[in-house]
Amino acid sequence: MFNDAWNQVYCGPAPDPVDLWASWNLDPILLTCLGLLAFAIARKRNAAWAMLALVLAFVSPLCALSSALFSARVLHHVLLVAVAAPLIASILPRRRSGSAIIAFVVSTVVLWAWHLPMAYDAALSHVGVYWLMQLTLLGSAIWFWREVFAPERSAVEAISLTVAAFAQMGMLGAILTFAPQSLYAAHFMAPYAWGLTPLQDQQLGGLLMWVPAGIPYAVLAVSLARRNWIALRAGNVT
């Protein structure tokens with residue numbers, strides 16, 4: 001597991017701007033797994049959107065770009081935890097709710113832990129650690145969103161959890177935005193090819209976590225409020 005085949009960046013070396021659109025990730029194992037997942041959920045509502053989010057994150061040139069830019073890695077992570085995860089959670093069979101607080105704490109700890117410089121740089125230099133990062137981020141986020149979407153969860157509680165999830169991501173983004181120096185050795189040189197210093201790239205990534213990442217959370221909060229309103233109207237009618 002620790003031979004040369006594993007000691008590399010999963011998405012490949014950081015591409016130059018002119019090579020970006022040729023940098024699709026066609027890993028046959030990844031494509032097979034995505035194909036099996038697509039087959040398993042093909043008839044489910046939101047399945048197409050969930051698969052699109054996963055393809056954008058792992059197959060499209062965003063995968064290669066995230067080897068070069070921390071800000072692209074932030075987009076990748078937002079796609080996983082705030083787009084793909086809630087869509088997949090909405091597809092999975094309903095079950096009784098558990099502890100939303102525990103799910104929130106675990107998913108938050110996982111997100112923050114993988115942005116510690118040592119853990120982050122390890123993930124971008126070893127294929128096994130990279131997939132440990134991806135699976136724990138996605139898995140903990142799916143767990144959290146399943147708790148948010150639990151049928152017996154009140155709208156106030158579900159929306160509060162959604163707001164809290166965005167708040168913790170925004171807090172992490174603020175820390176990265178105002179850090180006095182770049183933190184990640186994995187992005188020590190590549191940003192220069194994209195007209196950014198490593199610190200500027202990190203600041204851009206922090207801003208993406210802090211502001212635009214709020215869009216999917218806002219959409220989810222509105223969706224939860226709408227679901228509750230429809231349920232209340234149906235109750236009044238009956």
Side-chain angles (χ1 to χ4, degrees), residues 1-2 4-15 20 23 25 27 30 53-54 56-85 104-144 165-194 196-213:
M1 183 172 178
F2 295 97
D4 290 342
W6 287 80
N7 292 320
Q8 57 180 319
V9 182
Y10 171 72
C11 291
L20 177 63
S23 302
N25 179 23
D27 176 5
L30 171 69
L54 292 174
L56 286 174
F58 293 112
V59 180
S60 81
L62 178 62
C63 185
L65 186 60
S66 64
S67 299
L69 299 178
F70 175 75
S71 50
R73 178 63 58 185
V74 167
L75 288 176
H76 177 100
H77 287 169
V78 171
L79 274 173
L80 287 187
V81 304
V83 181
F104 170 75
V105 170
V106 170
S107 60
T108 298
V109 168
V110 169
L111 179 68
W112 284 63
W114 281 117
H115 286 84
L116 293 172
M118 184 177 296
Y120 182 93
D121 288 334
L124 265 67
S125 61
H126 191 275
V127 173
V129 182
Y130 172 87
W131 279 111
L132 180 63
M133 171 197 268
Q134 307 310 312
L135 293 175
T136 53
L137 283 171
L138 184 60
S140 62
I142 290 172
W143 177 22
F144 169 73
F166 170 60
Q168 61 85 17
M169 179 178 281
M171 188 180 300
L172 176 58
I175 291 171
L176 294 170
T177 300
F178 293 111
Q181 60 187 17
S182 59
L183 301 175
Y184 303 112
H187 303 295
F188 184 69
M189 291 298 297
Y192 289 107
W194 295 84
L196 298 169
T197 66
L199 182 58
Q200 289 171 335
D201 176 39
Q202 180 177 295
Q203 291 169 337
L204 176 59
L207 286 172
L208 290 172
M209 273 188 181
W210 197 8
V211 184

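Reckoned from all heavy atoms, side chains included, excluding hydrogens, waters and symmetry mates.
Separation of atoms CG (D27) and SG (C63) is listed at 9.0 Å; rounding is to 0.5 Å. Annotation: the span from R73 atom CZ to D201 atom CG amounts to 11.5 Å, rounded to 0.5 Å. Taking CD from Q203 and CG from L199, the interatomic distance works out to 4.0 Å, rounded to the nearest 0.5 Å. Here the OG-CG distance, from S140 to L135, works out to 10.5 Å after rounding to the nearest 0.5 Å. We find the CG-CG distance between L176 and L208 to be 11.0 Å, quoted to the nearest 0.5 Å.
Using a 4.5 Å cut-off on side-chain heavy atoms (C-beta onward), W194 and Q200 make no contact. Y130 has its side chain within reach of C11: a pair of non-hydrogen atoms, C-beta onward, lies under 4.5 Å apart.
No hydrogens or angles considered: a donor-acceptor pair under 3.5 Å links the side chains of W114 and T136. For the residue pair N25 / Y10, a side-chain donor-acceptor distance below 3.5 Å is found, with atom types taken as modelled.
A donor-acceptor pair under 3.5 Å is formed between the side chain of Q202 and the backbone N or O of L183. Checking side-chain atoms of S23 against main-chain N and O of P61 turns up no donor-acceptor pair under 3.5 Å. With D121 contributing its side chain and Y184 its backbone, the two residues share no donor-acceptor pair below 3.5 Å. Without hydrogens or angle criteria, S67 side chain to G12 main chain gives a donor-acceptor distance under 3.5 Å.
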Please walk me through it: do V78 and M169 pass side chain to side chain contact (heavy atoms under 4.5 Å, CB included)?
CA-CA 9 Å; V78 171; M169 179 178 281; 4.1 Å; yes
I would like to know whether I175 and W112 meet side chain to side chain contact (heavy atoms under 4.5 Å, CB included); could you show each step before the answer?
CA-CA 11 Å; I175 291 171; W112 284 63; 3.6 Å; yes
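Here the closest heavy-atom approach between residue L138 and residue L54 is recorded as CD2-CD2, 4.3 Å. Residue A113 comes nearest to A119 through the heavy atom pair O-CB, 3.4 Å, listed as atom of the first residue, atom of the second, then distance. The nearest pair of heavy atoms linking L62 to A57 is CD2-CA, 4.4 Å. Taking every heavy atom of both residues into account, A64 and P15 meet most closely at O-CD, 3.2 Å. When all heavy atoms of F144 and S107 are compared, the pair lying nearest together is CB-OG, 3.9 Å. Nearest heavy atoms, M209 versus A213: O-CB, 3.5 Å.
Less than 6.0 angstrom separates the ring centroid of W131 from the ring centroid of F58.
Applying the side chain to side chain donor-acceptor pair (under 3.5 Å) criterion to Y120, with sequence neighbours excluded, gives H187.
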